[in-house]
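Take a look at the structure below.
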Amino acid sequence: MPAIGKIVRVTGPLVVAEGMQGSQMFEMVEVGEERLIGEINKISGDKAFIQVYESTTGLKPGEPVYGTGAPLSIELGPGLLKSILDGIGRPLSAIREVLKSPFVKRGVKIPTLDRAKKWFFEKREDLSTGDKVLPGEIIGYVEETPLIKHAIMVPPDTSGVLEWIASEGEYTVEETIAVIREYGDRKRELKLMHKWPVRRPRPVVEKYEPALPLITGMRVLDTFFPMAKGGTGAIPGPFGSGKTVTLHSLAKWSDAKVVIYIGCGERGNEMTEALLKYPKYKDPWTGRPLMERTVLIANTSNMPVAAREASIYTGVTIAEYYRDMGYDVLLVADSTSRWAEALREIGGRLEEMPAEEGYPSYLASRLAEFYSRAGRARIIGRPERIGSVTIVGAVSPPGGDFTEPVTSNTKRFIRTFWALDARLAYSRHYPAINWILSYSAYVDLISSWWAENIDARWKEYRDEAFSILLREEELREIVRLVGTEGLSERDKLVLEVARLIREGFLQQNAYDPIDAFASPKKQWEQLRTIVEFYRAALRAVDEGVPVKLIREEMAILLRDLVVTTRYRIPNERSEEISKLREKLLYTLETITEKYRTKVRRT
Amino acid sequence: MSMERIVREYTSIREVRGPLVIVEGIGDAAYDEIVEIELASGEKRRGRVLETTRGYAVVQVFEGTSGISPTTAKARFTARTLEVKVSSEMLGRVFNGLGEPIDGGPPLISGVWRDINGDPLNPAARDFPTDFIQTGVSGIDGMNPLVRGQKLPIFSGSGLPHNMLAAQIARQATVRGEEEEFAVVFAAIGVMYDEAMFFRKFFEETGAIKRAAMFVTLAEEPPMIRLMTPRVALTLAEHLAFDLGMHVLVILTDMTNYGEALREISAAREEIPGRQGYPGYMYSDLASIYERAGRILGGKGSITQMPILTMPNDDITHPIPDLTGYITEGQIVLSRELWNRGIYPPINILMSLSRLRGEAYERTREDHANVSDQLYAAYSRAVELRSLAAIVGEESLSDIDRRYLRFGEAFEQRFLRQGFYENRSIEETLVLGWEVLSILPETELYRIKDEYIRKYHPAYKKAAELEARKIKE
Ligand SMILES: Nc1ncnc2c1ncn2[C@@H]1O[C@H](COP(=O)(O)OP(=O)(O)OP(=O)(O)O)[C@@H](O)[C@H]1O
Ligand SMILES: [Mg+2]
């Protein structure tokens with residue numbers, strides 16, 4: 001019997017209730033006459049400390065608190081895709097319709113999944129009654145969107161013998177579609193949906209090391225700091241440096257099958273933008289509207305802070321659910337710092353001893369728990385399948401200082417670090433990813449994919465381009481002392497080519513229809529052109545051709561190399577880049593030849 | 001609101017500490033409930049319940065606790081939260097931070113009562129801002145155009161002309177093709193008297209006062225009132241925009257005073273301080289103000305927010321500008337260096353940003369985005385080279401680098417600089433942009449598509465005009 005207690009204290013989002021014997025840690029409760037949703041996060045004697053997910057204005061001592069006996073859970077089933085949910089899984093579009101107001105009022109209770117909608121269910125062909133079904137076993141399918149076939153699975157916490165299964169047809173998420181006899185002869189009815197506690201990771205058989213790249217279409221990421229399917233990454237940066245735009249680009253273009261976008265304590269308009277525009281954008285891999293593979297979770301900065309803390313878990317649970325169907329899922333969270341601040345705020349109200357900068361001492365372990373829910377995994381139940389969850393979190397360090405606790409703790413648990421740089425953003429170098437501070441631990445793991453699918457020389461060229469950038473950085477120091485004219489010709493060439501790499505490769509305009517997404521093939525052609533130009537120019541310089549001459553004679557072509565390849569040549573025609581490359585190399589040859597003749601003559 | 005409206009009165013004040021009064025014996029105070037404290041003199045003050053338990057309530061008194069004696073004061077729990085009466089009648093009037101008229105005019109007749117904290121806008125009910133606002137200022141329209149429904153602060157420093165710039169924008173801002181002018185909701189938060197007067201005079205002189213409502217709290221008023229001022233103003237703005245369908249421009253000045261009030265109150269409550277003593281929840285608190293902007297689906301009105309804040313010691317990493325920047329949709333940063341060199345408006349172009357400029361570009365001219373990007377990239381290079389030249393001397397720079405230096409100078413003197421009364425159309429701004437870009441060789445224009453160069457670059461334009469004249473003749 002869930003407890004019924006009474007409020008004894010209210011301060012902000014924290015409510016203390018007594019008479020709560022028998023309630024459990026993280027149990028969901030309903031608080032006050034309006035039955036506001038809350039969660040127990042500390043128990044002491046018969047007192048429960050409750051973090052309330054809605055505004056507590058007007059709440060009084062003496063009002064009732066109802067236990068539910070269950071931890072904070074989310075409904076998993078068809079209808080998640082294309083929806084926008086708040087931090088605890090309430091559908092925001094439905095809330096708008098029900099309230100007939102543009103504002104979110106508290107106390108509304110609308111289930112995550114639409115109860116009226118019918119889904120066409122087809123049972124798994126090779127399954128019949130009397131079969132034993134395991135936890136996680138797929139028993140049938142629903143076409144959730146034209147892009148995603150939604151596997152209906154036995155919940156991970158049960159198994160048994162299939163007694164009955166529904167025939168093909170239309171069902172709501174609450175209708176029974178199968179009955180199993182559990183161990184001990186208990187019957188359990190299965191529906192299209194089941195619930196899962198958000199703070200508990202869904203089990204898998206085993207996790208593997210990532211092996212395939214998550215192609216994002218962003219050159220600086222794919223070529224220099226790649227993400228892997230099932231990997232983890234963080235993108236820290238001061239305000240306005242491009243975290244959100246980059247996460248949106250990932251959500252839009254990467255070759256994940258399902259995308260979970262969590263707006264955690266950020267702007268309302270950014271969620272609105274996704275909601276209004278994703279249905280119009282096309283997934284570059286399938287040509288279908290992006291929304292068909294997307295779930296949006298919006299707990300914006302002005303929404304209750306306790307629900308912000310929960311939004312991360314709601315999101316990652318949904319991600320694991322689609323992973324369990326065998327999909328590659330990408331989860332992006334903007335911003336994990338706001339989540340950490342919610343932890344801090346709640347910890348403060350519970351009068352816990354703060355550690356660094358007021359954050360609770362368990363900040364690091366919570367971050368670790370979150371990122372360890374990523375991974376490529378073998379899924380439980382039949383048929384055998386592998387799925388993955390990739391997690392990328394934005395980090396918003398105060399004052400852009402990367403030594404602060406959230407950034408520094410996050411670094412311990414992620415493998416790809418995309419450091420955004422205000423200086424680059426100020427000069428409109430986008431994406432403003434600092435190539436000196438960023439890193440990816442996946443380069444070697446995924447280079448075989450590039451070798452097999454694109455070109456065997458990929459790694460070699462990538463490393464060469466990268467070393468030019470590193471050399472440029474050293475030269476900048478020298479230039480600061482002696483100016484550009486004091487450099488050797490070889491070094492001047494490095495500066496020229498580094499500029500080409502920056503302008504023609506690293507920079508990418510997220511708003512240009514052609515430039516925004518570069519296929520692996522196109523990236524390779526662009527990289528190859530720059531590196532081969534460098535090699536040829538280096539030979540010319542070694543023969544004595546001045547860099548100034550190359551720059552002046554080739555100014556138009558070099559501008560073409562940047563402008564044409566980025567903005568003019570779409571992915572389908574990336575071979576056109578090789579024509580440009582030939583022209584570049586030929587012109588360079590001519591210049592060298594002319595120079596030779598001139599030298600010979602004098 | 002589950003509160004039945006029963007007023008309860010207590011004389012059992014146990015403790016007065018900082019801005020807080022602890023009332024004993026009450027077991028049903030509601031969180032956030034408004035409390036009236038009556039002093040022995042008959043003076044009434046207001047406060048709100050910060051913490052409520054079965055035996056006592058902690059009340060924060062807005063006007064401060066000086067003069068309150070536990071033995072003589074009475075606490076009346078009003079069974080209301082903090083509400084304000086708002087209506088379109090408020091346009092043309094001046095109010096204090098709680099929304100009470102201070103202009104000697106009559107009390108409001110009609111109006112609706114609203115909780116000043118509002119409710120969060122549902123992201124699924126918002127509409128994305130898209131309509132380009134022409135401010136007539138090249139440094140904004142050309143480089144960082146804004147749109148109706150955006151929240152864009154001015155980051156300034158003490159002594160810089162942020163008020164002038166805000167006033168110029170308020171006077172000139174239009175959405176082209178539309179007649180309707182912005183209604184202005186102006187909140188002066190803890191400002192000095194002369195600053196409040198500057199705006200009042202300005203609104204009166206330009207006739208804008210008829211469509212403006214002013215909320216004024218002066219520096220000497222208690223910190224709690226400062227925290228309420230922007231909320232009261234925004235409650236009116238929401239009513240005008242979302243109930244009455246008006247386009248509202250909200251100017252909030254100075255958010256630094258707001259942040260300091262927040263810190264003061266947090267310290268008095270003995271909360272664990274965050275960075276530089278500001279409370280850890282300052283981000284959420286500021287967001288509960290700045291997020292009250294935008295448009296809604298199916299609604300006609302909008303709220304455009306322009307908060308002004310002076311960065312302590314011109315430091316953009318100070319918690320107030322820092323957290324503001326993390327919430328707003330860009331920022332216009334003013335530069336002391338430009339101002340000292342006599343350039344108005346002294347906009348630090350490189351640090352300024354309008355995140356919704358992409359929407360604006362789609363409604364101006366095809367080359368706008370490219371021109372702006374190119375100006376940015378070139379100016380950023382010019383600034384870098386300028387500091388390099390200061391060390392190694394101009395002669396150690398290449399020809400092309402020296403051209404960049406000339407470009408930088410022209411950009412500041414011809415494009416950026418303009419008069420307080422100079423209202424430039426976006427076309428005029430773009431012409432100026434091309435003019436200064438033409439100082440650079442054409443092959444340097446990496447960010448501009450060839451077709452735009454041919455169509456708008458002065459070199460081609462002249463050639464095209466000559467051609468056209470020849471054909472005519
Ligand atoms: N790849 C890109 N291409 C073009 N513009 C970009 C790109 N990345 C960032 N920008 C520009 O920078 C602006 C700020 O980016 P964004 O909103 O992603 O910053 P942020 O790091 O998320 O900031 P905050 O922490 O305040 O949310 C964008 O509005 C956009 O104009
Ligand atoms: Mg962002």
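Here is the naming used below: chain letters follow the sequence lines, and residue numbers restart at 1 for every chain.
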Assess the side chains of A:T57 and B:D32: does a donor N or O sit below 3.5 Å from an acceptor N or O? yes
Flag for B:Y452-B:H368: side-chain donor and acceptor within less than 3.5 Å: no
Chain B heavy atoms under 4.5 Å from [X]: which part of the residue, side chain, backbone, both or neither?
{"X": "A:E54", "answer": "neither"}
{"X": "A:I7", "answer": "backbone"}
{"X": "A:N509", "answer": "side chain"}
{"X": "A:L92", "answer": "both"}
{"X": "A:S396", "answer": "both"}
{"X": "A:E273", "answer": "both"}
{"X": "A:L481", "answer": "backbone"}
{"X": "A:P354", "answer": "side chain"}
{"X": "A:D512", "answer": "side chain"}
{"X": "A:V562", "answer": "side chain"}

Working to the nearest 0.5 Å, report the span between [atom1] of [X] and [atom2] of [Y].
{"X": "B:I6", "Y": "B:T78", "atom1": "CD1", "atom2": "OG1", "value": "12.5 Å"}
{"X": "A:L296", "Y": "A:D86", "atom1": "CG", "atom2": "CG", "value": "12.5 Å"}
{"X": "A:D560", "Y": "A:R566", "atom1": "CG", "atom2": "CZ", "value": "13.5 Å"}
{"X": "B:Y31", "Y": "A:K60", "atom1": "OH", "atom2": "NZ", "value": "15.5 Å"}
{"X": "A:T11", "Y": "A:L350", "atom1": "OG1", "atom2": "CG", "value": "10.0 Å"}

When you check the gap from the basic side-chain N to the acidic O, do [X] and [Y] get nearer than 4.0 Å?
{"X": "A:R338", "Y": "A:E266", "answer": "yes"}
{"X": "B:R114", "Y": "B:E238", "answer": "no"}
{"X": "A:R106", "Y": "B:D119", "answer": "no"}
{"X": "B:D285", "Y": "B:R231", "answer": "yes"}

Flag if over 12 foreign heavy atoms under 6.0 Å of CD1, A:I556: no
Answer yes or no: does atom NZ of A:K492 have more than 12 heavy-atom neighbours from other residues, nucleotides or ligands under 6.0 Å? yes
Among [options], which residue forms the greatest number of heavy-atom pairs with chain B at distances under 4.5 Å?
{"options": "A:S101, A:P397, A:P91, A:A425", "result": "A:P397"}
{"options": "A:E404, A:K6, A:R480", "result": "A:R480"}
{"options": "A:G399, A:S93, A:P304", "result": "A:G399"}
{"options": "A:G358, A:P398, A:A555", "result": "A:P398"}
{"options": "A:G504, A:G240, A:A298, A:G263", "result": "A:G240"}
{"options": "A:T300, A:V479, A:T244", "result": "A:V479"}

[X] versus chain A, heavy atoms under 4.5 Å apart: side chain, backbone, both or neither?
{"X": "B:D399", "result": "side chain"}
{"X": "B:L50", "result": "backbone"}
{"X": "B:E362", "result": "neither"}
{"X": "B:D127", "result": "both"}
{"X": "B:Q150", "result": "neither"}
{"X": "B:S352", "result": "backbone"}
{"X": "B:R295", "result": "neither"}
{"X": "B:I391", "result": "side chain"}
{"X": "B:R381", "result": "side chain"}

Derivation of the side chain to side chain donor-acceptor pair (under 3.5 Å) call for B:Y376 and B:N144: CA-CA 10 Å; B:Y376 251 106; B:N144 275 307; 2.9 Å; yes
Those residues that, when tested against A:A394, pass side-chain contact (heavy atoms from CB on, under 4.5 Å) (two or more places apart): A:I235, A:K243, A:L247, A:D334, A:S335
With B:L286 via side-chain contact (heavy atoms from CB on, under 4.5 Å) - residues at least two apart: B:M255, B:Y258, B:M282, B:Y290, B:L323, B:T324, B:I327
Top contributor to chain A interface from [options] [non-hydrogen pairs under 4.5 Å]:
{"options": "B:G118, B:G27, B:P441, B:A377", "answer": "B:G27"}
{"options": "B:K449, B:K151, B:E329", "answer": "B:E329"}
{"options": "B:Y446, B:F242, B:Y326", "answer": "B:Y326"}
{"options": "B:A57, B:A369, B:A389, B:A29", "answer": "B:A29"}
{"options": "B:G299, B:S288, B:G325", "answer": "B:G325"}
{"options": "B:E395, B:H318, B:Q331", "answer": "B:Q331"}

Shortest non-hydrogen separation from A:V406 to A:S337 and the atoms involved: CG1-OG, 3.9 Å
Positions in residues 270-280 of chain B that reach chain A, provided some heavy atom is under 4.5 Å away: B:I272, B:R275, B:G280
Decide yes or no on side chain to side chain contact (heavy atoms under 4.5 Å, CB included) for B:D28 and B:R8, but give the supporting numbers first. CA-CA 9 Å; B:D28 69 344; B:R8 292 93 73 215; 3.3 Å; yes
A side-chain contact here means heavy atoms from C-beta on lying under 4.5 Å apart; do A:N299 and A:R308 qualify? yes
Applying salt bridge (Lys or Arg N to Asp or Glu O under 4.0 Å) between B:E444 and each of A:R559, A:R499, A:R551, report the one that passes. A:R499
According to side chain to side chain donor-acceptor pair (under 3.5 Å), who are the partners of A:R96, at least two apart in sequence or on a separate chain? none
